[in-house]
Amino acid sequence: MENRERYIAQLHRMHSGKGFIAALDQSGGSTPKALAQYGVLETSFTNDEEMYTLVHEMRTRIIKSAAFDSKYILGAILFENTMDRKIEGQWTADYLWEKKNIVPFLKVDKGLADLANGVQLMKPISNLDELLTRAVERNVFGTKMRSVIKEANSTGIREVVEQQFEVGKQIFAKGLIPIIEPEVDIYSADKEKSEEILKEEIKKQLSLLDKNVKVMLKLSIPTVNDFYSELMSDPHVVRVVALSGGYGQEEANQKLSQNHGLIASFSRALSEGLSASQSEEDFNTKLDTTIKGIYEASIT
């Protein structure tokens, strides 16, 4: 009963709450880059375990900060290794919800396949069922998985969306809310056309879902403002969130603010300007400024 009440409270928060989702889910390939941005060089670790310990320390510092406040942040996306670690003796997901009132999500994809038909599908997720079982045991609310669209190729975009929804249905069946993330490359020469094809494919897949199925969508900030408003009103969609996609913090916030109802799920833009060498006061001040800026852009 307690888990059911938690799920309902978290679902309500994600559907109706004001704020944004903090993406703290850099995985194996992107972790060294995230650490380098934070001022921790590759010479600071000699193996994966040391690397993941350092990145968990970085994420713990962010999460424990007074600036990381549920007044501004609705949810946080974790990497598998972060889910399996603790903060002050609690599993990270439990700490987020019980101490911070922030909804925990888990990144479940294993990276991208090679480019084909103008897109990069997700690599097969060989241990998905086991991972989802562990996520449920760890009191995670939902998941996230990413594909990338490079060109306005109808076949490729259809394959991306079909794969995302197929896996999404498996995730929902385990009791978790999937964040479906077919990212359109912001540097694509035909980004707007890709978004037009993408929206139609998403609408098609939403129309095929059983009545009770719920999903979230994580999409690149569209070229045409308010382009995804139609998706926000679909009864299957809990929330539509935006990735920063490589835009700097200021530009991402500015573009986001022009899309009503679209909220942020930023990673790089969230941690921009944070450093391991900062004092606690400087770190918290910078994080506070960043979080409030993203929040303001999200509630426009």
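All heavy atoms count here, side chains included; hydrogens, waters and symmetry mates do not.
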Checklist entry - Any sub-3.5 Å donor-acceptor pair from Asn47's side-chain atoms to Glu49's backbone N or O? => result yes
Checklist entry - Where the side chain of Asp210 meets the backbone of Asn212, is there a donor-acceptor pair that is under 3.5 Å apart? => result no
Next on the checklist: If I compare all heavy atoms of Ser70 with all of Asn101, which pair ends up nearest, and what's the gap?
Outcome noted: CB-O, 3.6 Å
Next on the checklist: With clusters defined by side-chain heavy atoms of hydrophobic residues (ILVMFWY) lying less than 4.5 Å apart, directly or transitively, does Val160 cluster with Leu208?
Outcome noted: no
Next on the checklist: Membership question, hydrophobic clusters at under 4.5 Å side-chain separation (ILVMFWY): are Ile186 and Leu115 in the same one?
Outcome noted: no
Checklist entry - How far does CD1 of Ile171 sit from CG of Leu131, to the nearest 0.5 angstrom? => result 9.0 Å
Checklist entry - Shared ILVMFWY cluster between Phe172 and Val103, side chains joined below 4.5 angstrom? => result yes
Item to check | The single option from Lys144, Lys107, Arg134 passing salt bridge (Lys or Arg N to Asp or Glu O under 4.0 Å) against Glu80 | outcome: Arg134
Item to check | Side-chain (Glu195) to main-chain (Thr223) donor-acceptor, under 3.5 angstrom | outcome: yes
Next on the checklist: So that I can tick it off, tell me whether Glu88 and Lys99 are bridged by a salt bridge, with the cut-off set at under 4.0 angstrom between side-chain N and carboxylate O.
Outcome noted: no
Item to check | Pairwise distance OH(Tyr52) to CZ(Phe79) - rounded to 0.5 angstrom | outcome: 4.0 Å
Item to check | Heavy-atom check, side chain of Lys174 versus side chain of Asp129, under 4.5 Å | outcome: yes
Checklist outcome for this item: OG (Ser220) and CD (Glu183) are apart, to the nearest 0.5 Å, by 4.5 Å
Checklist outcome for this item: dist Met58:CE -> Leu35:CG (nearest 0.5 Å) comes out at 5.5 Å
Item to check | Where Gly246 and Tyr187 come nearest, the two heavy atoms and their spacing | outcome: O-OH, 3.8 Å
Next on the checklist: I'd like to check Glu272 versus Gln37 (side-chain heavy atoms, cut-off strictly below 4.5 Å). Are they in contact?
Outcome noted: yes
Item to check | Side-chain donor or acceptor of Lys203 paired with backbone N/O of Leu198 under 3.5 Å | outcome: no
Checklist entry - What is the distance from atom CD1 of Ile77 to atom CG of Leu243, rounded to the nearest 0.5 Å? => result 9.5 Å
Next on the checklist: Looking at every heavy atom in both Phe105 and Gly75, which two are closest together, and how far apart are they?
Outcome noted: CE1-CA, 4.4 Å
Checklist outcome for this item: Looking only at heavy atoms, the pair that brings Arg146 and Met122 closest together is O-CG, 3.2 Å
Item to check | Trace of the side-chain contact (heavy atoms from CB on, under 4.5 Å) decision for Glu162 with Lys204 | outcome: CA-CA 10 Å; Glu162 286 178 349; Lys204 185 188 304 180; over 6 Å; no
Checklist outcome for this item: Heavy-atom closest pair (Ile221 atom, Phe266 atom, distance to 0.1 Å) is CD1-CZ, 4.4 Å
Checklist entry - Can you check whether Ile8 reaches His12 side chain to side chain, under 4.5 Å on heavy atoms? => result no
Checklist entry - Any sub-3.5 Å donor-acceptor pair from Lys191's side-chain atoms to Val184's backbone N or O? => result no
Checklist outcome for this item: With Ser275 as partner, the option from Ser277, Ser279, Ser271 fulfilling side chain to side chain donor-acceptor pair (under 3.5 Å) is Ser277
Checklist entry - Any sub-3.5 Å donor-acceptor pair from Asp185's side-chain atoms to Ile149's backbone N or O? => result no
Item to check | Leu209 reachable from Ile177 in the ILVMFWY side-chain graph, under 4.5 Å edges | outcome: yes
Checklist entry - Which atom names give the shortest non-hydrogen contact between Lys193 and Ala152, and what distance separates them? => result CG-CB, 3.5 Å
Checklist entry - Below 4.5 Å, heavy atoms only, C-beta onward: do Arg85 and Arg59 meet side chain to side chain? => result no
Next on the checklist: Using a 3.5 Å distance criterion without hydrogens, assess whether the side chain of Glu50 forms a donor-acceptor pair with backbone atoms of Thr46.
Outcome noted: yes
Checklist entry - Just wondering, are more than 12 heavy atoms of other shown residues or ligands nearer than 6.0 Å to CD in Glu130? => result yes
Next on the checklist: Rounded to the nearest 0.5 Å, what separates atom NE2 in His15 from atom CG in Leu11?
Outcome noted: 8.0 Å
Next on the checklist: Between Met232 and Leu217, does the side-chain contact (heavy atoms from CB on, under 4.5 Å) criterion hold? Intermediate values first, please.
Outcome noted: CA-CA 9 Å; Met232 296 176 192; Leu217 301 172; over 6 Å; no
Checklist entry - Can you tell if the side chain of Leu231 reaches within under 4.5 Å of the side chain of Leu219, non-hydrogen atoms only? => result yes
Next on the checklist: Quick check against the 3.5 Å criterion: does Thr92 have a side-chain atom that pairs as donor or acceptor with the backbone of Thr82?
Outcome noted: yes
Next on the checklist: Can you classify the ring geometry of Phe283 versus Tyr38 as parallel (below 30°), tilted (30 to 60°) or perpendicular (above 60°)?
Outcome noted: perpendicular
Next on the checklist: Quick one: does any side-chain atom of Gln120 pair with a main-chain N or O of Ala113 as donor and acceptor, under 3.5 Å?
Outcome noted: yes
Next on the checklist: With a 3.5 Å distance limit and no angle check, can you tell me whether Asp288 reaches the backbone of Ala67 through a side-chain donor-acceptor pair?
Outcome noted: no
Next on the checklist: Asn253 vs Glu296, test: side-chain contact (heavy atoms from CB on, under 4.5 Å). Steps then yes/no.
Outcome noted: CA-CA 8 Å; Asn253 286 348; Glu296 289 299 326; over 6 Å; no
Checklist entry - Counting only heavy atoms not in Gln90, do more than 12 sit closer than 6.0 Å to its CD atom? => result yes
Next on the checklist: Check this for me: does any side-chain nitrogen of one of Lys86 and Asp94 sit under 4.0 Å from a carboxylate oxygen of the other?
Outcome noted: no
Checklist entry - If we only count heavy atoms from C-beta on, is the Met145 to Ile180 side-chain gap below 4.5 Å? => result yes
Checklist entry - Does Trp91 belong to the same Ile/Leu/Val/Met/Phe/Trp/Tyr cluster as Leu132, with side-chain heavy atoms less than 4.5 Å apart forming each link? => result no
Next on the checklist: I want to check something: taking the side chain as every heavy atom from C-beta on, are Glu159 and Gln163 in contact at a cut-off of under 4.5 Å?
Outcome noted: no
Next on the checklist: Quick check on the 6.0 Å ring-centre criterion: do Phe20 and Tyr72 meet it?
Outcome noted: no
Item to check | Asp25 vs Leu78, side-chain contact (heavy atoms from CB on, under 4.5 Å): CA-CA, chis, key distance, verdict | outcome: CA-CA 5 Å; Asp25 61 329; Leu78 309 173; 5.9 Å; no
Item to check | Heavy-atom side-chain contact between Val55 and Asn81 under 4.5 Å | outcome: no
Item to check | Verdict with reasoning, Arg158 to Glu200, per salt bridge (charged side-chain N to carboxylate O under 4.0 Å, His left out) | outcome: CA-CA 9 Å; Arg158 183 173 65 252; Glu200 291 308 309; over 6 Å; no
